[in-house]
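Working notes, structure below.
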2 protein chains.
Amino acid sequence: MAALQKSIDKRNALINATIELVNNDGFHATPMSKIAKMACVSPATIYLYFENKQDLVNKTYIEVKANYTAYAFATYDETMPVEKGFKVIWKRIAEFKLKESADAMFLAQCDNTPMIDEASRQEGIKHLQPLLDLWARGKKEGVIKPVSDYMLYAYSINPLSFLMITQNRGSVKLDKEHLDQAYEAAWSSIKTCK
Amino acid sequence: MAALQKSIDKRNALINATIELVNNDGFHATPMSKIAKMACVSPATIYLYFENKQDLVNKTYIEVKANYTAYAFATYDETMPVEKGFKVIWKRIAEFKLKESADAMFLAQCDNTPMIDEASRQEGIKHLQPLLDLWARGKKEGVIKPVSDYMLYAYSINPLSFLMITQNRGSVKLDKEHLDQAYEAAWSSIKTCK
DNA sequence: TTACAGAAAATGAACGTTCATTCTTTTTTA
DNA sequence: TAAAAAAGAATGAACGTTCATTTTCTGTAA
């Protein structure tokens with residue numbers, strides 16, 4: 001009840017400020033005072049919503065990761081054939097990285113640094129389960145290569161990072177045809193050759 | 001003359017300590033005092049070799065990146081046909097990420113965070129030029145897809161990050177066959193379909 | 001070869017600043 | 001009006017960097 005009275009807007013403002021500042025300066029170069037200022041809040045107020053700085057970044061990570069995966073799986077359901085399922089998930093992930101590039105950058109930073117607790121990292125991985133399940137099904141059906149999930153992810157999903165880069169530079173315009181081509185490359189990396 | 005007397009061993013020890021500590025804790029969570037201790041040197045001594053902490057990490061980045069690309073291009077020469085050239089480079093990069101996984105982790109962290117100066121980042125990219133030249137040649141010959149270098153890199157080289165991961169977990173043994181398969185996936189992502 | 005003087009290199013302690021967090025007080029809410 | 005929420009100032013620890021001093025090195029004269 002007490003907690004419920006605390007404004008959800010303020011919490012969101014803190015999460016968003018964290019994402020933006022950490023993207024620009026990195027976690028340890030982002031002081032609590034700056035986060036507070038950007039969220040229009042006193043530094044002390046942060047501690048009403050989060051235990052400490054580490055907790056703030058852990059929670060931010062989990063929240064962004066949850067948004068990411070919710071977006072990724074929004075148009076997918078488990079009755080789809082493997083190839084179709086992979087396609088809709090891949091397309092949604094591409095869309096997310098294009099539209100929510102700040103969120104995507106934040107996740108990339110979290111995934112490549114010791115910034116996040118191991119526990120939160122594990123928690124974040126859980127949200128990807130539907131994709132891992134799809135791959136397991138694909139392997140059983142002989143449609144997907146029998147290699148580790150790390151490798152499948154590295155070859156089909158990680159490459160989408162280029163969407164954030166080109167997004168930020170604005171150098172290359174990305175039309176539907178290019179994206180379709182990228183999808184074909186991703187799919188042919190993980191499907192079994194016939 | 002003065003500078004030459006300063007021990008190159010000490011400089012190396014500082015660079016190596018930086019890599020190891022930054023890999024474990026992140027740049028801003030790694031105090032100069034800890035780097036000094038690991039290199040068996042006084043904190044003040046660091047400032048005889050580097051201007052400041054930022055300079056230390058910039059120089060470390062450039063040095064590691066130079067090692068990486070030197071390794072990558074060691075067996076390549078420009079007279080090779082495009083496909084062959086790409087193959088030898090790709091294989092060397094895979095080897096590097098397996099054998100020098102600490103260096104590879106460090107580079108991944110630098111490439112995904114605001115830890116490095118923009119100038120040093122640019123400097124690091126320069127070392128990749130032979131690969132970009134190879135791709136340019138490949139595009140001209142119609143062997144390589146006419147897409148941005150970012151995209152080629154994202155689809156053929158970035159996925160090798162899974163080597164560091166599986167390396168660290170030790171969960172999946174990686175035999176020659178798997179690696180060859182990974183190479184085929186990389187190549188077919190960037191070659192033009194016939 | 002030894003002794004030694006001057007310079008370079010290295011050191012540990014100290015300084016000033018920054019930052020996460022807490023404390024006390026004020027404001028808002030119900 | 002009492003309890004919750006928020007605020008700003010205060011606190012203490014940690015850090016990057018510098019300073020004053022000591023140690024090590026190098027070349028030369030006995």
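Below, chains carry the letters A, B, ... as their sequence lines are ordered, and counting in each starts from 1.
Proximity note for A/Ser42 (side chain, C-beta onward) versus C/dT21, D/dT17, D/dG8: the nearest is D/dG8. Side-chain proximity of A/Thr45 to the nucleotides D/dA6, D/dG8, C/dT11 is greatest for D/dA6. Of the candidate nucleotides C/dA9, C/dA20, D/dC15, C/dA9 has the atom lying nearest to any side-chain atom of B/Leu48. Listed nucleotides: D/dT17, D/dA6, C/dG12. Nearest to the side chain of B/Tyr47: D/dT17. The nucleotide whose nearest atom lies closest to any side-chain atom of B/Pro31 is, among D/dA6, C/dC23, D/dG16, D/dG16. Side-chain proximity of B/Lys10 to D/dC19, C/dA10, D/dG16: nearest is C/dA10.
In this structure, the NZ atom of B/Lys34 is 11 Å from the P atom of D/dG16, given to the nearest Å. Atom CD in B/Glu51 sits about 11 Å away from atom P in D/dT18, given to the nearest Å. Here D/dA5 presents its C1' atom at 15 Å from CD1 of A/Ile46, a figure rounded to the nearest Å. For A/Phe50 and C/dT22, the CZ to C1' distance is 19 Å, given to the nearest whole Å. The interatomic distance linking A/Asp55 (CG) with C/dT21 (C1') rounds to 14 Å, in whole Å. Remark: C1' of C/dA20 and CD of A/Gln54 are 12 Å apart, rounded to the nearest angstrom. The distance from atom OH of A/Tyr49 to atom C1' of D/dA4 is 11 Å, rounded to the nearest whole Å. Rounded to whole Å, atom P of C/dT17 lies 20 Å from atom NE2 of B/His28.
For the pair B/Asp180 and B/Lys176, the salt-bridge criterion is met [side-chain N within less than 4.0 Å of a carboxylate O].
A/Lys91 places no side-chain N or O within 3.5 Å of a backbone atom of A/Ala72 that could act as its donor or acceptor partner.
For B/Tyr150 and A/Phe162, the ring centers sit 6.0 Å or farther from each other.
Side-chain atoms of A/Phe106 and A/Met115, non-hydrogen and from C-beta on, do get closer than 4.5 Å to each other.
The environment of NZ in A/Lys59 is crowded: more than 12 heavy-atom neighbours from other residues, nucleotides or ligands sit within 6.0 Å.
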